[in-house]
*Asks:* 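Structure below; questions to follow.
Reminder, nothing fancy here: chain letters follow the sequence lines and each chain counts from 1.
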Amino acid sequence: MKTDSLDDWRKTTSTSDVTSESDGKEVTLFGWIKEIRDLGAVKFLILQDREGTIQLTIVKNRAEEKVLRKTDLIQTQYCVAVKGTVKKTSMTKRGFEVIPREIKILGVAQHPLPLDVTGKTSALLDTRLNARVLDLCHEENRALWSVQSKALEALRQFLTDRGFIEVYTPRIISTATEGGAALFSIDYFDQEAYLAQSPQLYKEQLTLCFEKVFEIGPFFRAEASHTRRHLSEFISIDIEQAFVKSSDVMKLLEEIMHFTCTTVKENCRKELEILKHEVEVPKLPLKRLTYSEVLEELKTEGNSVPWGEDIPTPAYRTLGKLHPYFYFVTDWPTESKPFYIAPKDDQPEVSEGFDLMWRWMELASGGTRVHAKSVLMHRLKEQGLNPESFRHHLQVFDYGVPPHAGWATGLERMVMMLTGKRNIREVVLFPRDRSRLTP
RNA sequence: GCCCUGGUAGUAUAGUUCGGUCUAGUAUAAGCGGCUGUCGCCCGCUCGACCCGGGUUCAAAUCCCGGCCAGGGCGCCA
């Protein structure tokens with residue numbers, strides 16, 4: 001079908017701008033037809049844009065011929081433009097409707113569609129992800145990304161207000177890895193290169209010149225994880241600050257969580273209602289448990305973990321039941337933390353690293369960093385890494401690296417916390433995992 | 001990578017226990033017709049499916065083996 005030209009038509013009004021006060025007003029609306037109810041002599045079209053929906057009413061013996069011809073062609077999910085008059089009425093739920101004077105068909109949809117756009121029949125996540133943009137039209141998803149956008153705005157505002165500057169470190173890196181997660185290798189002309197798993201080393205280096213930095217951006221982990229909280233590509237929110245230690249950045253972290261929760265709770269009432277989720281603003285200070293205290297608690301619950309070992313997922317689930325909100329876990333064994341986490345001066349087997357937990361899920365992790373080159377070299381070797389492959393990083397430690405600390409949190413996990421979603425794929429536009437590379 | 005469960009029209013499901021009236025049921029979407037006010041409109045008709053490959057059997061959606069995919073859990077990891 002040949003579609004109509006946009007010409008000089010421009011949107012004057014969003015569906016949400018139409019109120020009973022606009023009675024009699026001429027409007028130009030753009031959107032998509034989500035439902036058609038043809039009662040014979042009268043036809044109702046439900047037009048949706050990103051703000052919501054409005055009913056178009058066509059009374060057949062009163063409508064103009066050209067309007068009738070267009071409406072006969074329209075199918076669900078067609079993209080249309082409407083010039084018409086707002087009419088106050090008691091016969092719609094919102095109290096008004098729009099009587100079209102002229103309609104343009106701007107985009108057509110091919111039926112059958114992979115999803116039910118009316119939302120009457122729900123689809124499984126896998127089906128939804130395969131037709132993601134169509135799925136994103138649903139009110140609940142639009143609410144979800146409003147929450148994410150508001151959360152990002154809050155995070156940026158909080159950090160810039162406190163003098164942090166936003167930076168971008170490379171996504172394409174050379175061999176130096178921090179250990180831990182596997183890297184994706186890429187073709188980089190005639191050199192070996194990888195996708196960055198975190199901005200860790202760069203953000204630490206930048207404390208030498210900028211003192212307080214943050215970065216929000218995608219990072220990549222080549223782990224064959226199959227869980228509902230891991231992705232191959234995720235958005236990390238990273239901060240690093242000079243002249244402070246872990247207790248300072250923990251305070252910053254709990255304040256930013258408090259601020260973000262408060263902002264979302266106050267500014268996204270409608271969205272949270274749509275999502276049927278309540279955001280509980282954390283009471284500060286958050287609980288601080290040491291790793292050893294956590295092991296004691298687990299032992300009491302019949303879930304013993306030997307000191308020095310990582311805490312397995314089932315044990316975290318137990319902890320989540322004991323502490324069903326935010327809590328810090330501090331004083332981790334040095335051997336279980338990455339090489340850049342500083343050991344305590346008076347007790348080197350214990351580190352100044354911490355995790356911020358939300359129920360059973362790790363939400364953030366950070367700590368005081370090592371800033372003495374000799375200690376860093378020693379820690380690298382202890383972790384079985386080759387100092388030679390960190391040559392460029394280590395060199396910076398000859399330029400006067402300040403004492404510093406920082407943390408990183410995953411945006412997707414924060415949004416899960418803010419929206420009540422249980423699978424991380426729900427809160428990513430186009431998720432990438434072990435087996436999903438499309439769309 | 002491992003374990004458990006599953007894969008049936010565009011979508012979501014029933015049927016699989018114990019192979020046979022399953023010519024595969026239902027809802028929704030889609031198509032056609034009807035209807036003056038619907039709002040999950042309604043009514044009638046129509047279209048449309050057993051993941052792929054192999055095996056057992058007179059007979060497989062149903063049982064067995066392999067593969068792929070999905071959901072959950074574990075591990076890895078954050």
*Asks:* So what's G40(B) paired with, Watson-Crick or G-U wobble, going by both distances under 3.5 Å?
*Replies:* none
*Asks:* Taking the side chain of Asn61(A) as its heavy atoms from C-beta onward, which of U11(B), G37(B), U36(B) lies nearest to it?
*Replies:* U36(B)
*Asks:* Quick one: is G72(B) close enough that its OP1 or OP2 comes under 4.0 Å of any side-chain N or O from Arg422(A)?
*Replies:*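 So the side-chain polar atoms of Arg422(A) never come under 4.0 Å of the phosphate oxygens OP1 or OP2 of G72(B).
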*Asks:* Out of C74(B), C77(B), U28(B), which nucleotide sits closest to the side chain of Glu223(A)?
*Replies:*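 Selected nucleotide: C77(B).
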*Asks:* Whether Thr227(A) contacts C76(B) is assessed here as follows: a side-chain N or O lying under 4.0 Å from the phosphate OP1 or OP2. Is that the case?
*Replies:*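 Indeed not, no polar side-chain atom of Thr227(A) lies that close.
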*Asks:* Which whole-number value in Å describes the distance from Phe96(A) CZ to C39(B) P?
*Replies:* 18 Å
*Asks:* Counting only side-chain heavy atoms from C-beta out, which of G72(B), G37(B), C77(B) sits nearest to Lys87(A)?
*Replies:*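 So the side chain of Lys87(A) is nearest to G37(B).
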*Asks:* If I pick the P atom on U62(B) and the same atom on G15(B), what distance separates them, to the nearest angstrom?
*Replies:*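 One P to the other, the span is 15 Å.
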*Asks:* Could you please name the partner base of U11(B), counting Watson-Crick and G-U wobble pairs only when both distances are under 3.5 Å?
*Replies:* A27(B)
*Asks:* I'd like the P distance from G37(B) over to G7(B), given in whole Å.
*Replies:*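 Going atom to atom, P in each nucleotide, I get 44 Å.
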*Asks:* Kindly state which residues belonging to residues 123-142 of chain A come within less than 4.0 angstrom of RNA chain B, counting heavy atoms of the residue only, listed by number.
*Replies:* Ala123(A), Leu124(A), Asp126(A), Thr127(A)
*Asks:* Provide, to the nearest angstrom, the distance between the CE atom belonging to Met361(A) and the P atom belonging to C77(B).
*Replies:* 19 Å
*Asks:* Remember a base hit wins even if backbone is also touched, and classify Asn423(A) as base, sugar-phosphate or nothing at under 4.0 Å, heavy atoms.
*Replies:* sugar-phosphate
*Asks:* Going by side chain to side chain donor-acceptor pair (under 3.5 Å), Thr169(A) matches just one of Lys203(A), Gln205(A), Glu215(A). Which one?
*Replies:*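 In the set Lys203(A), Gln205(A), Glu215(A), the residue that makes a side chain to side chain donor-acceptor pair (under 3.5 Å) with Thr169(A) is Glu215(A).
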*Asks:* So, does Arg425(A) use its side chain to make a donor-acceptor pair with the main chain of Pro431(A) at under 3.5 Å?
*Replies:*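 Pair absent, no side-chain N/O of Arg425(A) close to backbone of Pro431(A).
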*Asks:* How far, in whole Å, is A59(B) from G54(B) if one measures between their P atoms?
*Replies:* 16 Å
*Asks:* Does the Lys NZ or Arg CZ of Arg171(A) fall within the cation-pi geometry relative to Phe219(A) - under 6.0 Å from the ring centre and within 45° of the axis?
*Replies:*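 Yes, a cation-pi geometry holds between Arg171(A) and Phe219(A).
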*Asks:* Pick the closest RNA chain B nucleotide for His226(A) and for Gln55(A) by heavy atoms, then say which residue is nearer the 5' end.
*Replies:* Gln55(A)
*Asks:* For Ile46(A) and C39(B), what is the distance between atoms CD1 and P respectively, to the nearest whole Å?
*Replies:*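 Rounded to the whole Å, the gap is 11 Å.
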*Asks:* Considering only atom P, compute the distance from U57(B) to G19(B) and round it to an integer number of Å.
*Replies:* 15 Å
*Asks:* Mind calculating the distance between CG (Leu39(A)) and P (C43(B)) to the nearest angstrom?
*Replies:* 13 Å
*Asks:* Looking at residues 291-306 of chain A, who's got a heavy atom less than 4.0 Å off RNA chain B?
*Replies:*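 Within this stretch, nothing sits under 4.0 Å of the strand.
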*Asks:* Which nucleotide sits closest to the side chain of Thr76(A): A30(B), G75(B), G10(B)?
*Replies:*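 It is A30(B).
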*Asks:* Parallel, tilted or perpendicular: which fits the ring planes of Phe214(A) and Phe164(A), with parallel below 30° and perpendicular above 60°?
*Replies:* perpendicular
*Asks:* May I ask you to decide if Ile54(A)'s main-chain N or O and Thr15(A)'s side chain share a donor-acceptor pair within less than 3.5 Å?
*Replies:*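 Not a single qualifying donor-acceptor pair exists.
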*Asks:* Roughly, in whole Å, what's the span from CZ in Phe44(A) to C1' in G37(B)?
*Replies:*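 Spelled out: CZ on Phe44(A) to C1' on G37(B) is 4 Å.
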*Asks:* Are His111(A) and Thr76(A) linked by a side-chain donor-acceptor pair shorter than 3.5 Å?
*Replies:* yes
*Asks:* Examine distances only and state if a side-chain atom of Asp116(A) and a backbone atom of Thr121(A) form a donor-acceptor pair shorter than 3.5 Å.
*Replies:*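 Checked: pair present.
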*Asks:* Which nucleotide, if any, forms a Watson-Crick or G-U wobble pair with G48(B), using both distances under 3.5 Å?
*Replies:* none
*Asks:* May I ask which nucleotide in the shown strands pairs with C35(B), Watson-Crick or G-U wobble, both distances under 3.5 Å?
*Replies:* none
*Asks:* Just compare A12(B), G31(B), C35(B) and give me whichever is closest to any side-chain atom of Gln75(A).
*Replies:*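 From the listed options, G31(B) comes nearest.
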*Asks:* Which residue, Arg62(A) or Ala364(A), contacts RNA chain B at a nucleotide closer to its 5' end, judged by nearest heavy atom?
*Replies:*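 Comparing both residues, the 5'-ward one is Arg62(A).
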*Asks:* Looking at Phe158(A), does the NZ or CZ of Arg162(A) lie under 6.0 angstrom from its six-membered ring centre and within 45 degrees of the ring axis?
*Replies:*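 The answer is yes; both the distance and angle limits are met.
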*Asks:* Starting from P on C74(B), measure out to OH on Tyr316(A) and report it in whole angstrom.
*Replies:* 13 Å
*Asks:* Taking only side-chain N and O atoms of Arg37(A), does any of them lie within less than 4.0 angstrom of OP1 or OP2 on C41(B)?
*Replies:* yes
*Asks:* Just N and O in the side chain of Lys337(A): are any of them under 4.0 Å from OP1 or OP2 of C77(B)?
*Replies:* no
*Asks:* Could you tell me how far A9(B) sits from C47(B) if I compare only their C1' atoms? Round to whole Å.
*Replies:*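 Per the computed distance, 10 Å lies between those C1' atoms.
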*Asks:* Taking a pair as Watson-Crick or G-U wobble with both distances under 3.5 Å, which nucleotide is matched to C2(B)?
*Replies:* G73(B)
*Asks:* Please check if any side-chain donor atom of His378(A) sits under 3.5 Å from a side-chain acceptor atom of Glu382(A), or the reverse.
*Replies:* yes
*Asks:* Quick check: does any side chain N or O of Asp4(A) sit under 3.5 Å from a backbone N or O of Ile105(A), one acting as donor and the other as acceptor?
*Replies:* yes
*Asks:* Atom CD of Gln77(A) and atom C1' of G10(B): how far apart are they, to the nearest Å?
*Replies:* 14 Å
*Asks:* Could you work out the separation of G73(B) and G33(B) based on their P atoms and round it to a whole Å?
*Replies:* 50 Å
*Asks:* Check every strand shown and say whether Thr92(A) touches a base, only sugar-phosphate, or nothing at a heavy-atom separation below 4.0 Å.
*Replies:* base
*Asks:* Tell me whether the OP1 or OP2 atom of G73(B) has a side-chain N or O from Arg228(A) closer than 4.0 Å.
*Replies:*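 Yes, within the criterion.
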*Asks:* Testing Ile216(A), Ile256(A), Leu252(A), Val213(A) for side chain to side chain contact (heavy atoms under 4.5 Å, CB included) with Ile239(A), which one passes?
*Replies:* Leu252(A)
*Asks:* Which is true for Leu231(A) with a 4.0 Å heavy-atom rule: it touches a base, it touches only sugar-phosphate, or it touches nothing?
*Replies:* base
*Asks:* Any side-chain to backbone donor/acceptor pair from Arg142(A) onto Cys137(A)? Under 3.5 Å, distance only.
*Replies:* yes
*Asks:* Just to be sure I understand the rule, does Phe219(A) reach a base, reach only the sugar-phosphate, or reach nothing, if contact means heavy atoms closer than 4.0 Å?
*Replies:* nothing
*Asks:* Which nucleotide, C39(B), G10(B), C76(B), lies nearest any side-chain atom of His230(A)?
*Replies:* C76(B)
*Asks:* Can a side-chain donor-acceptor contact be found between Glu97(A) and Thr57(A) if the only test is distance below 3.5 angstrom?
*Replies:*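 Side chains of Thr57(A) and Glu97(A): pair found under 3.5 Å.
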*Asks:* Just to be sure I understand the rule, does Val117(A) reach a base, reach only the sugar-phosphate, or reach nothing, if contact means heavy atoms closer than 4.0 Å?
*Replies:* nothing
*Asks:* Identify, residue by residue, the members of residues 426-439 of chain A with a heavy atom below 4.0 Å from RNA chain B, and return them in order of residue number, or none.
*Replies:*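 Result for residues 426-439 of chain A: Arg434(A), Ser435(A), sorted by number.
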*Asks:* Rounding to an integer number of angstrom, what distance separates A61(B) and G67(B) when you compare their P atoms?
*Replies:* 23 Å
*Asks:* Quick one: does any side-chain atom of Thr3(A) pair with a main-chain N or O of Gly107(A) as donor and acceptor, under 3.5 Å?
*Replies:*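 Side chain of Thr3(A) to backbone of Gly107(A), a donor-acceptor pair under 3.5 Å: no, none is there.
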*Asks:* Nearest whole angstrom, please: distance from the P of U28(B) to the CD of Glu35(A).
*Replies:* 13 Å
*Asks:* What's the gap between A29(B) and C42(B) when it is taken at their P atoms, as a whole Å value?
*Replies:*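 Their P atoms lie roughly 8 Å apart.
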*Asks:* Counting side-chain heavy atoms from CB outward, which of G40(B), G73(B), A30(B) is closest to Lys120(A)?
*Replies:*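 Nearest nucleotide to the side chain: G40(B).
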*Asks:* Can you tell me if Glu51(A) and Ser14(A) form a side-chain donor-acceptor pair at under 3.5 Å?
*Replies:* no
*Asks:* Are any side-chain N or O atoms of Ser22(A) and backbone N or O atoms of Val18(A), one a donor and one an acceptor, separated by less than 3.5 Å?
*Replies:*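 No: the side chain of Ser22(A) does not pair with the backbone of Val18(A).
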